[in-house]
2 protein chains.
Amino acid sequence: MVTLAQLACFIAVAEELHFGRAAERLRMTQPPLSRQIQLLERHLGAPLLDRSSRSVRLTPAGRAFLDDARRILRDTERATLAVRQIGAGTSGTLRIGFTAGSAHSGLQDVLQLARAELPSVAVDLRELVTQKQHEALSEGAIDLGIARPASRPPHLSFRALYEEPFVAAVPVGHPLSSGDEPLPLTALHQINAVMYSPIDSRYFHDLLTRAFSDLGVIPQAVQHLSQIHSMLALVQAGWGLALVPRSATRMRFEGVRYRPLRADVPLKASLELVWRSANDSPALLRLLELLPAPDDDARP
Amino acid sequence: MVTLAQLACFIAVAEELHFGRAAERLRMTQPPLSRQIQLLERHLGAPLLDRSSRSVRLTPAGRAFLDDARRILRDTERATLAVRQIGAGTSGTLRIGFTAGSAHSGLQDVLQLARAELPSVAVDLRELVTQKQHEALSEGAIDLGIARPASRPPHLSFRALYEEPFVAAVPVGHPLSSGDEPLPLTALHQINAVMYSPIDSRYFHDLLTRAFSDLGVIPQAVQHLSQIHSMLALVQAGWGLALVPRSATRMRFEGVRYRPLRADVPLKASLELVWRSANDSPALLRLLELLPAPDDDARP
DNA sequence: TTTCCTTACGCCTATCGTAAGCATA
DNA sequence: TATGCTTACGATAGGCGTAAGGAAA
């Protein structure tokens, strides 16, 4: 079989048109170089070089083969580099699932890091609720999920990503819309509130329901929704107030005021990273290495 | 350095996903195959296969590299074949010079043979008088000439290609246009004749001049031309008769009759192949091998 | 006579095959 | 226990380097 080393030998001789100089370039002596060229010619079944003891010239076949040999070697070089990069996790594709709410917080951190540290990694994003992310991970449809805490099947791995408090979104003019001090949760007793769907936003629903019942607070649920921006639209229309993760305050709604809750309110919205434990994607492993521990609520 | 053999090993394992079957396909035993894969992975700096003792799967890097490896091997295969064909003279390009007159005879034989036996060889044709062909051959501008006999510089090689007698082209109504018996050359004594240019058709000019003077025949030259079809046009117009190579009878001119010359007339128009002795074009050498010895005047 | 490609030959590295090792279902 | 990849090891083939050969200017 023809070898890549033989191609390199031929290219050197074809470019130098001199066995001695070509051998020097290849860090070897002339005789083995001659032999390699002879072997190559025998393998190919045609002479590539016309060599009298005083000159070396390319045959027509050699001219044609030179281009091919150069391309083959370049291609091999390129493929080697590509594999090295993919293996190092600095190249390839990363499919990331995220919940709608994480678009304001955790997802941005992950994307920023990926773009900064793994610029050659292509990122595929798809918005999925937590349960759908778990399914997609199990099927290998995505590599990484940014999801709310939920059940923890053993074949998936988890890591805390982000935690933030809730704030109250209050329509301007509402009795609770005035005042600057943080609100206690008890302020919501008997108050009209837009709540989370127990099905599509089960995590938030359960979280708030538990917190309210622990304190004996009973808000008046006027609607159950799953998308935060829809809830804020209802708040804006004056239906009532809503409790949303603080990062949602990045959405500015005319006529909606955000008020922080008192520090003793035990409500935290968490995001976590989820991946299939058996996933060997170098890009995923590299990203997980790079992602720092969650820095709590250092941001708005 | 990565070797093509290693690429072949990897492709086999990647396709079989089983070292044993892959080794069988490669006509070798498993252990060296395992070792080659290990070496390849070390060279590349990244694992290509994820193998537990019960299953073999491709890593992301392996998936990407598989395509590259396949392409590199295919490319090498293709280049090998191409070089073999060029070396065998069954591919490549052949630049052929020819004299206008040879278009009716020798050139057609050469082209027919090339098309039949060397279908992958591209043929470049250019019409050149004999002297220009010699120059073009010396400069390497053409590979093969189809020319009239002339000087024989030592760096050019020659071979007789075709030989044919002359015929007389006579305008209908001319005294010599009637009768079926071959004409003797003496019939042209004192007769109006269209002759060949001593410059551009030196070969024909010298040939006829010598034949006439040997017999003491003196035709009346009414014009000197170099292109046979121009001479026939003058014959058609009644200026006189002309002696043309028999293959020119393939040109049918209304009002022109061709009469053969007597067999004892020592007039033969020759064509020869000319090439640069140092030309190593396999296509040329192959064509020269294939071209039979001239078969004299077996054709019209 | 010099240049420079080729042939000859000994050494050594690398691959192969056989055999044993070892993990997993 | 059987399957199947890996490690160990001896034999061999092929490549490299040194030295000698041979053709051309």
Side-chain angles (χ1 to χ4, degrees), chain A residues 1-44 46-59 61-62 65-66 69 73 154-155 277-278 280, chain B residues 1-44 46-59 61-62 65-66 69 73 76 154-155 276-278 280:
Chain A
M1 176 177 288
V2 174
T3 71
L4 293 175
Q6 284 167 354
L7 298 190
C9 287
F10 170 65
I11 291 171
V13 177
E15 286 178 356
E16 299 286 345
L17 290 179
H18 188 286
F19 277 70
R21 284 193 297 273
E24 192 175 359
R25 190 166 120 186
L26 293 164
R27 311 295 179 94
M28 63 194 293
T29 55
Q30 293 106 330
L33 175 58
S34 283
R35 181 152 175 73
Q36 287 305 321
I37 297 292
Q38 289 164 10
L39 281 174
L40 178 59
E41 288 177 325
R42 285 191 61 178
H43 283 309
L44 295 176
L48 299 173
L49 294 161
D50 184 5
R51 38 206 192 275
S52 52
S53 74
R54 213 56 179 187
S55 77
V56 175
R57 290 178 313 154
L58 282 166
T59 64
F65 192 65
L66 179 57
L73 274 197
H155 65 285
S277 311
D280 60 358
Chain B
M1 176 176 286
V2 173
T3 71
L4 292 175
Q6 284 167 354
L7 298 190
C9 287
F10 170 64
I11 291 171
V13 177
E15 287 178 355
E16 300 285 346
L17 290 178
H18 188 285
F19 277 70
R21 285 193 296 274
E24 192 176 359
R25 190 167 120 185
L26 293 164
R27 311 294 177 93
M28 63 193 293
T29 55
Q30 293 106 330
L33 176 57
S34 284
R35 179 148 179 75
Q36 288 305 319
I37 297 292
Q38 288 164 11
L39 281 174
L40 178 58
E41 289 176 325
R42 287 192 58 178
H43 285 309
L44 295 176
L48 300 173
L49 294 162
D50 183 6
R51 39 206 193 275
S52 53
S53 76
R54 212 58 178 186
S55 78
V56 176
R57 291 178 313 155
L58 281 166
T59 64
F65 191 64
L66 179 57
L73 274 197
T76 305
H155 65 283
R276 193 163 59 90
S277 311
D280 61 357

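The chains referred to below are lettered A, B, ... by the order of the sequence lines, with proteins before strands, and numbering in each begins at 1.
Out of dC5(D), dG17(C), dC5(C), the shortest distance to the side chain of V56(B) is found at dC5(D). Residue P31(B) places its side chain closer to dA8(D) than to any other of dA8(D), dC16(C), dA8(C). The nucleotide whose nearest atom lies closest to any side-chain atom of F19(B) is, among dC16(D), dT6(C), dC5(D), dC5(D).
Phosphate proximity of dT6(D) to R35(B): absent, as no side-chain N or O sits under 4.0 Å from OP1 or OP2. Put simply, S34(B) has a side-chain N or O that comes within less than 4.0 Å of OP1 or OP2 on dT6(D). Note on Q36(A): a side-chain N or O is less than 4.0 Å away from OP1 or OP2 of dC16(D).
Nucleic acid contact for L26(B): none, since no nucleic acid atom lies under 4.0 Å from a heavy atom of the residue.
Rounded to an integer number of Å, the gap from E24(B) CD to dG4(D) P is 12 Å. The CG-P distance, from L49(B) to dG4(D), rounds to 16 Å in whole Å. One interatomic measurement links the two molecules: CG of L40(B) to P of dT15(C), which rounds to 12 Å at whole-angstrom precision. Separating the CD1 atom of I37(A) from the C1' atom of dC4(C) is a distance of 15 Å, rounded to the nearest angstrom. For R51(B) and dT24(C), the CZ to P distance is 15 Å, given to the nearest whole Å. For the pair M28(A) CE and dT13(C) C1', the computed distance is 14 Å after rounding to whole Å. Straight-line distance from the CE atom of M1(A) to the C1' atom of dT15(C): 14 Å, rounded to whole Å. The interatomic distance linking R42(A) (CZ) with dT6(C) (C1') rounds to 15 Å, in whole Å.
Within 6.0 Å of CZ on R21(A) lie more than 12 heavy atoms contributed by other residues, nucleotides or ligands.
Residues L73(A) and I11(A) form a side-chain contact, since some pair of their non-hydrogen atoms from C-beta on lies under 4.5 Å apart. Contact of the L49(A) side chain with the R57(A) side chain is not registered, since no non-hydrogen atoms from C-beta on lie closer than 4.5 Å. Within the 4.5 Å cutoff, no side-chain heavy atoms of L48(B) are placed close to those of I37(B).
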Q) What do the steps show when you test R35(B) against E41(B) for salt bridge (charged side-chain N to carboxylate O under 4.0 Å, His left out), and what is the final call? A) CA-CA 10 Å; R35(B) 179 148 179 75; E41(B) 289 176 325; over 6 Å; no
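The 5' end of DNA chain D is approached more closely, in terms of each residue's nearest nucleotide, by H18(B) than by the other of H18(B) and Q38(B). Between L39(B) and Q30(B), the one whose closest nucleotide on DNA chain C sits nearer the 5' end is L39(B).
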